[in-house]
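What you see is a predicted model, and the numbers here were worked out from it, not measured in a lab. When a residue number appears, it is its place in the shown sequence, counting from 1.
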Amino acid sequence: MASSLEGNKIAAAVLTAGVIAMFSGFAAELLYHPKALEQNVYVVAAADAADAGGTEVAAAPALEPIGPMLAAADPANGEKVAKKCTACHTFEAGGANKVGPNLYDIVNAAIAGGDGFSYSPALTEKADSTWDYESLNAFLHKPKDWAPGTKMSFAGLRKAGDRADIIAYMRGLSDNPAPLPE
């Protein structure tokens, strides 16, 4: 019998709280009368479509060229940055493919050219191209922008210095490293 009274007490407390909240809302509406502003406090300046010659979308800023940065790049730092890639990739000669392909000797290799790996259609469409320094830079910056539809879920590397370092590191992962761009 005691348990049924406890349930009634809990139900009464919940209903009382709901009634108090409802009446608080009514009282707030009676006491507070907001007035609409005559003009917005924050004015947002927008270009007039007639003055601008129509609607134009601002172009994304161009990605800085990686070539000049490679001369000063630090492959040792690139190896550290590449540690986050080891969850999906291997870097040693003859290394196994994981979720992503092995990246040994990747600089100037054919895109989607690694043996034994099923590349996404976004990369197989680019199979006639190579992983040159600029394509690696663009891909490492934002993989999904460079190859829309890629299976690679990595968001990318924002810092150009980190991209240069990791590309310099990957350049060294070869029996015959690719020459630096001029």
Side-chain angles (χ1 to χ4, degrees), residues 1-66 69 73-74 76-91 96-103 112 117-126 134-167 169-170:
M1 188 164 198
S3 64
S4 66
L5 289 177
E6 291 298 318
N8 287 343
K9 289 178 187 177
I10 293 171
V14 170
L15 287 173
T16 302
V19 170
I20 291 172
M22 182 178 69
F23 283 119
S24 297
F26 291 143
E29 285 181 19
L30 292 173
L31 296 173
Y32 180 69
H33 301 288
K35 294 179 184 173
L37 297 173
E38 293 177 16
Q39 70 181 28
N40 287 335
V41 176
Y42 298 107
V43 179
V44 178
D48 188 15
D51 294 340
T55 58
E56 295 181 19
V57 177
L63 192 61
E64 56 278 298
I66 201 72
M69 289 186 258
D74 180 10
N77 186 52
E79 185 175 9
K80 290 177 189 171
V81 174
K83 295 242 186 260
K84 61 180 81 172
C85 306
T86 58
C88 299
H89 297 280
T90 57
F91 289 91
N97 293 323
K98 290 179 159 182
V99 174
N102 176 281
L103 297 179
F117 187 78
S118 176
Y119 292 92
S120 62
L123 289 178
T124 55
E125 289 174 3
K126 298 177 182 270
E134 293 306 326
S135 61
L136 282 168
N137 183 35
F139 186 71
L140 289 172
H141 180 249
K142 289 188 179 175
K144 297 231 183 253
D145 285 358
W146 189 80
T150 183
K151 292 188 280 186
M152 186 162 156
S153 61
F154 182 63
L157 296 170
R158 286 186 179 177
K159 295 180 182 175
D162 284 348
R163 291 193 308 274
D165 291 347
I166 198 168
I167 292 170
Y169 167 66
M170 289 192 299

**Request:** Take S118 and K151, measure what side chain to side chain contact (heavy atoms under 4.5 Å, CB included) needs, and give me the verdict at the end.
**Result:** CA-CA 10 Å; S118 176; K151 292 188 280 186; 4.0 Å; yes
**Prompt:** Does T90 reach the main-chain N or O of A96 with its side chain, forming a donor-acceptor pair under 3.5 Å?
**Reply:** yes
**Prompt:** Rounded to the nearest 0.5 Å, what separation is found between the CG atom of L136 and the CZ atom of R163?
**Reply:** 11.5 Å
**Prompt:** Relative to the ring of W146, is the ring of F139 parallel (under 30°), tilted (30 to 60°) or perpendicular (over 60°)?
**Reply:** perpendicular
**Spatial distance of atom CD1 (I166) from atom NZ (K84) [nearest 0.5 Å]** = 8.0 Å
**Message:** Strictly distance-based, threshold 3.5 Å: is any side-chain N or O of N137 a donor or acceptor partner for the main-chain N or O of E64?
**Reply:** yes
**Request:** For K144 and G156, indicate whether the former's side chain and the latter's backbone hold a donor-acceptor pair under 3.5 Å.
**Result:** no
**Request:** Any chance you could lay out the side chain to side chain contact (heavy atoms under 4.5 Å, CB included) test for F154 and C85, step after step, and finish with the verdict?
**Result:** CA-CA 9 Å; F154 182 63; C85 306; 5.6 Å; no
**Message:** Rounded to the nearest 0.5 Å, what separates atom NE2 in H141 from atom CD1 in I66?
**Reply:** 10.5 Å
**Message:** Measuring from atom OG of S135 to atom CG of L140, what distance do you get when rounded to the nearest 0.5 angstrom?
**Reply:** 9.0 Å
**Item:** side chain to side chain contact (heavy atoms under 4.5 Å, CB included) between D165 and Y169, worked out
**Value:** CA-CA 6 Å; D165 291 347; Y169 167 66; over 6 Å; no
**Prompt:** What do the steps show when you test K159 against V81 for side chain to side chain contact (heavy atoms under 4.5 Å, CB included), and what is the final call?
**Reply:** CA-CA 11 Å; K159 295 180 182 175; V81 174; over 6 Å; no
